[in-house]
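Report on the structure given below.
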Amino acid sequence: MFRDKMNELSSSVDCFDKISARAFPEKNPDFSESGFTVCDLENITGNSKKPKFLKWTAGLVACAVCAFVLPQTRIVSNLIAGLGSSSNKAYSKLIEEINTETSQNTYRIYDLPLDDYIKYDRLVTPLYACPFEDCGKDNINVRVFVRTYNDIPTNQIYAVEYAGEYTNSNFIAVADTKAKFTADDLENLDEIYTPFDDTAVKNAIMTNFRPAITAESFMTDLNDNKVSVASFDYGNIFKSDDETIYYSPVQIIYYGDKIDDQPETYYYDINNLPTASGTWKNTLCFDGFSSMPEESQSLFVRVPLFDVKEVSSDSSVNAMSCGYVKNVLFDEDKTSGIDFYSLSLQSYGEKNISTFAVPYDNEILKSIRMYFSQAGIIFSSDSDASLILKSENAQTTNVIPDDSDNYYNLLSDEETEDILEMLSEQEETEIKTEFFAETEYTEEQQRQKLIQAEQQLKQNNKKK
């Protein structure tokens, strides 16, 4: 085709005939007077001197053909289509799957800005990081689809990044997890549920945090830094890579490094983490290539909070001063944006005990626990001392007195009694040791000392 087009060009312009005639004349002119016989394109050395414009002309003609002639044919389009067909087919197939799945099965749907999803991904999809990178443009959103069974989330999740309105033409990238549930998979799941056990969460809080014994009621980490501490439950139905289906009651603790402002970093850990979580199967851009970010920009950093071997008696004593509020605020009509909660003590004005972002899903939000030191209420001279919980986005407030159903001690009454008994035994031993150490007493003196020790124990218990 290229040769035919060149011939057609040459015949229409007649340039090759002129070039040939000038380069190779039929008769050489006679320069016999000078003693040499040369053609007009030869120099006196007798070497051939080909004109540079011949090369330039041929190059320009070839470029013209490639630029204006070949694109009009199917050659280039077929070549491009062949190079990207497999990846584009995967992208289109995934969109088709999302549209079919979400129309035929039950899903929880979240819409939120891409920026929020990148920063607070563990509050949107707790077991999965955001699969999209920051494109640096405004009005970019993400729609997340979480498949449910009996209103319990599964690990079949889809995510769509889009610009402006949610239409196929505005899609930028799509992602899906590995798990895919069939109708048969979800038929016999009534017997797989496992109740939540609070023991791991209590032990992790008792080991990693301390309630401040001050009127401000804040919590500290082991380095005495003021922190905002919270936890929530995340019950999920999981399908593993080997097609095993099971229910996992996941628990998550997270804390921020600020109290009065929104934390700049969150540290978190997950208890009972399923093996079939954390990895997206596909993350495809509209051009068919991967959209998975090379580096996470999430505010959440995982640290080992649940790695508790043994809880010491000191931790148990500290836990007696630690309480939490639960099931207090959630907005059924909330449709977008990450909400922020602040907790403060009424007796001490507007000074916050903690401030942090909370889970995006309302069902998960119902399980949120916000931890604080009970010292502020104990030390307060105000008989009506109460906690105040505020929702920044929803602009709602709830006052929680210490006799409220939403007010809890970290330890149960039975656990508290056991610790008090243990402390009393320790204290009695210490007092007896103090009275009798390295001293010989008569029988009457010992009896009198025991009476004094018992009286001192009674006084100490009254103070408690």
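What you are looking at is a predicted structure, and each value in this text was computed from that prediction instead of being measured.
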**Study point:** Aromatic centroids of Phe209 and Tyr255 separated by under 6.0 Å
**Key:** yes
Check your understanding: Considering residues, nucleotides and ligands other than Phe286, do more than 12 of their heavy atoms fall under 6.0 Å from its CZ?
Key -> no
Exercise for review: Specify whether Phe171 and Tyr166 have parallel, tilted or perpendicular ring planes, treating 30° as the upper limit for parallel and 60° as the lower limit for perpendicular.
Suggested key: tilted
Review point. So with a 6.0 Å cut-off around CG of Asp403, is the heavy-atom count from everything else above 12?
Key: yes
Point to revise | Non-neighbouring partners of Asn272 that pass side chain to side chain contact (heavy atoms under 4.5 Å, CB included), sequence neighbours left out | key: Ser248, Pro249
Study note, to complete from the structure: Sequence neighbours excluded, the answer for salt bridge (Lys or Arg N to Asp or Glu O under 4.0 Å) partners of Glu101 is Arg147
Review point. Does the ring centre of Phe238 sit less than 6.0 Å away from the ring centre of Phe181?
Key: no
Check your understanding: If you measure only the distance, is there a donor-acceptor pair under 3.5 Å linking the side chains of Ser228 and Tyr371?
Key -> no
Review point. So, Glu96 and Tyr91: side-chain donor and acceptor under 3.5 Å apart, yes or no?
Key: no
Point to revise | From Asn271, Val250, Asp361, Ile270, residue fulfilling side-chain contact (heavy atoms from CB on, under 4.5 Å) relative to Tyr234 | key: Val250
Review point. Are Lys119 and Asp134 close enough for a salt bridge, meaning some N to O gap below 4.0 Å?
Key: no
Check your understanding: How far apart are the C-alpha atoms of Asn208 and Asp221, what are their side-chain angles, what is the distance that settles it, and do they pass the side-chain contact (heavy atoms from CB on, under 4.5 Å) test?
Key -> CA-CA 6 Å; Asn208 295 285; Asp221 61 14; over 6 Å; no
Point to revise | Pairwise salt bridge (charged side-chain N to carboxylate O under 4.0 Å, His left out) hits with a residue in residues 149-159, at least two apart | key: Arg108-Asp151
Exercise for review: Can you sort out the partners of Asp224 under side chain to side chain contact (heavy atoms under 4.5 Å, CB included), two or more places apart, ordered by chain and number?
Suggested key: Thr220
Check your understanding: Distance only, no hydrogens: is a donor on one side chain within 3.5 Å (strictly under) of an acceptor on the other, for Tyr266 and Glu264?
Key -> no
Exercise for review: Given side-chain contact (heavy atoms from CB on, under 4.5 Å), test Ile353 with Phe372 step by step and report yes or no.
Suggested key: CA-CA 7 Å; Ile353 297 171; Phe372 61 94; 3.8 Å; yes
Point to revise | Glu97 bridged to Lys93 by N-O distance under 4.0 Å | key: no
Review point. With distance as the sole criterion, is a donor-acceptor pair present between the side chains of Thr194 and Tyr246 under 3.5 Å?
Key: no
Review point. Does any pair with a residue in residues 154-178 pass salt bridge (charged side-chain N to carboxylate O under 4.0 Å, His left out), and if so which ones, sequence neighbours excluded?
Key: Asp176-Lys180
Practice item. For ring-ring contact (aromatic ring centres under 6.0 Å, His included), just list the numbers for Phe340 and Tyr120, CA-CA rounded to whole Å, side-chain angles, deciding distance to a tenth of an Å, and then say yes or no. Key: CA-CA 11 Å; Phe340 293 89; Tyr120 305 104; 5.8 Å; yes
Point to revise | Distance in Å, Tyr149 OH paired with Thr106 OG1, rounded so as to fall on 0.5 Å steps | key: 11.0 Å
Revision key, fill the gap. Heavy-atom closest pair (Tyr360 atom, Asp111 atom, distance to 0.1 Å) is OH-O, 2.7 Å
Practice item. Give a yes-or-no answer on whether the side chains of Ser296 and Ser298 include a donor-acceptor pair shorter than 3.5 Å. Key: no
**Study point:** Which residues share a side chain to side chain contact (heavy atoms under 4.5 Å, CB included) with Asp242, sequence neighbours left out
**Key:** Ser240, Thr244
Review point. Are Tyr268 and Arg122 linked by a side-chain donor-acceptor pair shorter than 3.5 Å?
Key: yes
Check your understanding: How are the rings of Tyr107 and Phe145 set to each other: parallel, tilted or perpendicular (split at 30° and 60°)?
Key -> perpendicular
Review point. Any idea how Tyr408 and Tyr324 line up, ring-wise: parallel (<30°), tilted (30 to 60°), or perpendicular (>60°)?
Key: parallel
